[in-house]
Student: 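Questions regarding the structure given below will be posed in turn.
Convention: sequence-line order gives letters A, B, ...; per-chain numbering from 1. Everything quoted here is computed from the prediction, not taken from an experiment.
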Amino acid sequence: MAQVRTRFSPSPTGALHLGGAHTALFNWLFARHYKGVFILRIEDTDVERSQEHFVEEIKESLLWLGLDWDEGPYFQSERLQLYQEYTHKLVQVGAAYYCDCDPEDLEERRQRALARGDKPRYEGRCRERGLGPGPQRAVRFKTPQTGITGWQDQIKGPIEFENHELDDLVLMRADGIPTYNLAVVVDDITMGVSHIIRGDDHISNTPRQLLVYQALEAKPPLLGHMPLMLGKDRTKLSKRHGALPVLAYRARGILPHSLNNYLARLGWSHGDQEIFSREELIQYFSLDHVGKAPGIHDDEKLLWLNSHYLKTGDDHELARQLVPFLASLGIDSPDPEYLAGVVATLKTRSKTLVEMADAARFYVQDPRPYEPEGAKKFLTPDTGPILQDAVRALENQADLSEAALTGMLKDLAAQAGVKLVAVAQPLRVALTGRTASPSLTDVMALLGKDESLSRLSQALDYINQSRHEVLSNT
RNA sequence: GUCCCCAUCGUCUAGCCUGGUCCAGGACACCGGCCUUUCACGCCGGCGACACCGGUUCAAAUCCGGUUGGGGACGCCA
């Protein structure tokens with residue numbers, strides 16, 4: 001295969017969301033697999049809606065996902081001259097013509113046709129008028145009205161359209177800015193794009209673009225239309241389906257590779273494999289295992305992948321990634337070594353970094369106020385003696401290893417003649433403020449002897465205090 | 001409405017091209033059990049699908065046709 005050159009070409013009219021990330025990923029994977037080039041191109045010909053800050057957000061999103069580009073970003077708004085040249089060429093060879101139809105009038109006709117149940121299309125009023133350039137004049141493509149335009153889609157297989165289904169699309173607006181259909185073609189030709197991989201919502205544009213290639217006597221790239229991602233309601237994924245911008249997933253505490261792995265497996269597969277490293281994704285990716293049917297976005301599966309990567313990730317690396325999440329809870333990042341230890345105890349219990357940060361609170365903050373239910377149930381006059389015994393035992397405990405602490409807990413239970421759980425829960429609430437937490441042996445080891453002892457006496461104070469409150473209330 | 005695309009468990013999917021090895025495999029979710037100092041993790045098990053009709057064939061999830069259903073596109077948006 002000649003050099004592979006793919007591109008991702010978002011329009012900066014909104015944030016990069018899941019659907020965009022999906023196509024970006026497939027293009028990137030394809031380019032990386034074939035050791036080709038991945039191009040970023042910003043399609044900002046919609047002057048009205050394009051915004052600079054969206055460009056930044058798109059770049060940031062791609063970088064966060066690790067989808068680095070080799071060329072670009074190119075901006076269509078900086079290539080207007082080029083589109084003009086191509087437009088003139090098309091007019092010269094008789095493949096395009098000037099049109100002065102009133103856009104509002106056209107819009108009205110379109111609405112009427114739709115209401116009537118007809119296929120709305122430009123009737124070709126200016127097609128044979130031989131108009132020259134002038135103000136308020138757009139350039140339309142003279143679509144052949146006979147014959148068939150088709151291609152071998154790299155994902156869907158053969159697709160064909162009858163040319164008479166197509167109308168004369170606008171290539172160049174009256175204001176001299178090209179439309180999408182012209183700009184893509186010119187760009188893909190001049191940038192030497194070898195493979196266009198895009199959503200299948202572009203299928204109906206494809207015959208038009210192919211016809212433009214023909215008129216330009218240019219060889220079109222290979223085309224692959226990937227199935228769309230649908231929302232739970234099975235319609236095209238859009239803003240109204242929830243937290244969709246890629247950066248929203250970052251904010252939720254999703255790891256970038258979790259999202260990549262998730263997105264890769266939506267519409268693509270490699271046998272029964274679910275978990276892929278970045279390298280494996282590159283190694284295995286190809287268009288022949290991209291499916292044709294649309295997929296529905298499933299947050300649960302994403303969360304599962306994320307918890308998998310949390311579980312299997314490196315403690316220090318995860319600790320580093322956890323820092324901003326702690327910060328947003330108002331917690332200064334503790335010593336990296338200590339935080340890695342904290343992470344080690346939390347990684348199997350968290351689905352996101354947000355959850356992990358929240359679960360980490362008690363390690364670096366006062367466990368009070370205690371979880372009300374837990375305090376009510378486990379920090380009572382009945383459990384006071386157990387806590388007192390625990391204080392004594394811990395004071396004499398020199399070895400804070402897992403085995404030693406487990407032994408200590410078991411001895412405590414044996415001496416009190418109760419089950420281990422009866423000792424563990426009061427201690428847990430005293431130390432962590434909660435009824436659910438990592439293993440107590442881990443907690444005590446990390447907190448250290450002094451801090452643990454101080455939390456136990458805090459809890460004893462709490463018990464005494466509430467007893468007095470009860471007494472004074474009665 | 002017209003054109004185009006699609007159709008395997010609730011969801012993501014393997015298998016389909018090169019029919020038999022599939023009374024359809026994996027994963028998420030869900031349910032049950034085990035493990036257990038709590039919560040999780042983990043482990044074991046369970047539930048659960050070839051949209052429908054016809055054709056081709058000794059044989060069809062796999063090939064063909066139709067029906068139904070879903071989606072997408074019909075902009076001087078991309």
Student: When both hydrogen-bonding distances must be under 3.5 Å and the geometry is Watson-Crick or G-U wobble, what is B:A59 paired with, if anything?
Tutor: none

Student: Could you state the CD-C1' distance from A:Gln51 to B:A78, rounded to the nearest angstrom?
Tutor: 15 Å

Student: I want to confirm an ordering. Mapping A:Ala293 and A:Glu107 to their closest nucleotides on RNA chain B, which one lands closer to the 5' end?
Tutor: A:Ala293

Student: Touch check for A:Gly199, heavy atoms < 4.0 angstrom, all strands: base, sugar-phosphate only, or nothing?
Tutor: nothing

Student: Which is true for A:Glu274 with a 4.0 Å heavy-atom rule: it touches a base, it touches only sugar-phosphate, or it touches nothing?
Tutor: base

Student: Would you say the ring centers of A:Phe38 and A:Phe8 fall short of 6.0 Å from each other?
Tutor: no

Student: Does the base of B:G72 carry an N or O that pairs as donor and acceptor with the side chain of A:Asp200 under 3.5 Å?
Tutor: no

Student: Would you compute the distance between atom OG1 of A:Thr206 and atom CZ of A:Arg198 and round it to the nearest 0.5 angstrom?
Tutor: 4.5 Å

Student: Look at all strands and tell whether A:Ser439 reaches a base, only sugar-phosphate, or nothing, counting heavy atoms closer than 4.0 Å.
Tutor: base

Student: Answer with yes or no after comparing the ring centroid distance for A:Phe26 and A:His195 against a 6.0 Å cut-off, counting only values under it.
Tutor: no

Student: Can you tell me how far P of B:C4 sits from NE2 of A:His164, to the nearest Å?
Tutor: 9 Å

Student: Are any of A:Arg116's side-chain N or O atoms less than 4.0 Å away from OP1 or OP2 of B:G1?
Tutor: no

Student: Have a look at A:His289 and say if it touches a base, only the backbone sugar-phosphate, or nothing, with a 4.0 Å heavy-atom cut-off.
Tutor: sugar-phosphate

Student: To the nearest Å, give me how far apart CG (A:Leu166) and C1' (B:C74) are.
Tutor: 10 Å

Student: Rounding to an integer number of Å, can you tell me how far A:Asp298 CG sits from B:C9 P?
Tutor: 15 Å

Student: For a quick check of understanding: with a heavy-atom distance under 4.0 Å over all strands, which category does A:Thr441 fall into, base, sugar-phosphate or nothing?
Tutor: base

Student: Quick one: A:Glu48 CD to B:A78 P, roughly how many Å, whole number?
Tutor: 11 Å

Student: Among B:A78, B:A14, B:C5, which nucleotide has an atom closest to any side-chain atom of A:Asp272?
Tutor: B:A14

Student: Just call it for A:Pro103: base, sugar-phosphate, or nothing, with non-hydrogen atoms closer than 4.0 Å on any strand.
Tutor: base

Student: For B:C6, does OP1 or OP2 lie under 4.0 Å from any side-chain N or O of A:Lys292?
Tutor: yes

Student: Could you identify the nucleotide paired to B:G45, looking across every strand shown and requiring Watson-Crick or G-U wobble geometry with both distances under 3.5 Å?
Tutor: B:C31

Student: Less than 6.0 angstrom from the centroid, inside 45 degrees of the normal: does A:Arg140 satisfy that with respect to the ring of A:Tyr122?
Tutor: yes

Student: 5'-most contact on RNA chain B: A:Pro10 or A:Leu302, nearest heavy atom basis?
Tutor: A:Leu302

Student: For the pair made of CZ in A:Arg208 and C1' in B:G72, what is the distance, rounded to whole Å?
Tutor: 13 Å

Student: Describe the nucleic acid contact of A:Arg110 in one word from base, sugar-phosphate, nothing, applying a heavy-atom distance below 4.0 Å.
Tutor: sugar-phosphate

Student: Look at all strands and tell whether A:Glu160 reaches a base, only sugar-phosphate, or nothing, counting heavy atoms closer than 4.0 Å.
Tutor: sugar-phosphate

Student: Please determine if a side-chain N or O atom of A:Thr45 lies less than 4.0 Å away from the OP1 or OP2 oxygen of B:A78.
Tutor: yes

Student: Please classify the nucleic acid contact of A:His270 as base, sugar-phosphate, or nothing, using heavy-atom distances under 4.0 Å.
Tutor: nothing

Student: Going by purine N1 to pyrimidine N3 plus the second Watson-Crick contact, or the G-U wobble pair, all under 3.5 Å, which nucleotide sits opposite B:A73?
Tutor: B:U2

Student: Where does B:C22 land, syn or anti, once you apply the within-90°-of-0 test for syn?
Tutor: anti

Student: Look at the aromatic rings of A:Tyr284 and A:Phe276 and report parallel, tilted or perpendicular, splitting at 30° and 60°.
Tutor: perpendicular

Student: If you measure from NZ on A:Lys142 to CG on A:Asp168, what distance do you get to the nearest 0.5 Å?
Tutor: 8.5 Å

Student: Base, sugar-phosphate alone, or nothing: which one does A:Leu440 contact when heavy atoms must sit under 4.0 Å apart?
Tutor: base

Student: I'd like to know whether CD of A:Gln152 has more than 12 heavy-atom contacts from other residues, nucleotides or ligands below 6.0 angstrom.
Tutor: yes

Student: Is the distance between the ring centroids of A:His17 and A:Tyr249 less than 6.0 Å?
Tutor: no

Student: For B:A7, give the paired nucleotide (Watson-Crick: N1-N3 plus N6-O4 or O6-N4; G-U: N1-O2 and O6-N3; both under 3.5 Å), or none.
Tutor: B:U68

Student: Tell me the interatomic distance from A:Arg428, atom CZ, to B:U36, atom C1', rounded to whole angstroms.
Tutor: 11 Å

Student: Let's see if you can work this out: which of B:A78, B:U2, B:U37 has an atom nearest to the side-chain heavy atoms of A:Leu409?
Tutor: B:U37

Student: Mind checking A:Thr435 for me? I need base, sugar-phosphate or nothing, with any heavy atom below 4.0 Å counting as a touch.
Tutor: base

Student: Can you name the atoms? Protein N/O to nucleotides 41-48 of chain B N/O, anything below 3.5 Å, with the distance.
Tutor:
from, atom 1, to, atom 2, distance (Å)
B:C41, O3', A:Lys311, NZ, 3.1
B:G42, OP1, A:Lys311, NZ, 3.0

Student: Counting heavy atoms not belonging to A:Lys449, are there more than 12 under 6.0 Å from its NZ?
Tutor: yes

Student: Can you tell me which nucleotide in B:C3, B:C74, B:C12 comes closest to the side chain of A:Glu165?
Tutor: B:C3

Student: What is the distance, rounded to the nearest whole Å, between atom CD1 of A:Ile275 and atom C1' of B:C28?
Tutor: 11 Å

Student: Can you spot which of A:Arg127, A:Lys119, A:Arg121, A:Arg208 makes a salt bridge (Lys or Arg N to Asp or Glu O under 4.0 Å) with A:Asp167?
Tutor: A:Arg208

Student: Once you apply a heavy-atom cut-off of 4.0 Å, does A:Ser437 come out as touching a base, just sugar-phosphate, or nothing?
Tutor: base

Student: B:C76, B:U38, B:A29: which one has an atom nearest the side-chain heavy atoms of A:Ala436?
Tutor: B:U38

Student: Does the B:A78 base have a donor-acceptor partner in the side chain of A:Asn205 within less than 3.5 Å?
Tutor: yes

Student: With heavy atoms under 4.0 Å as the rule, sort A:Phe161 into base, sugar-phosphate or nothing.
Tutor: sugar-phosphate

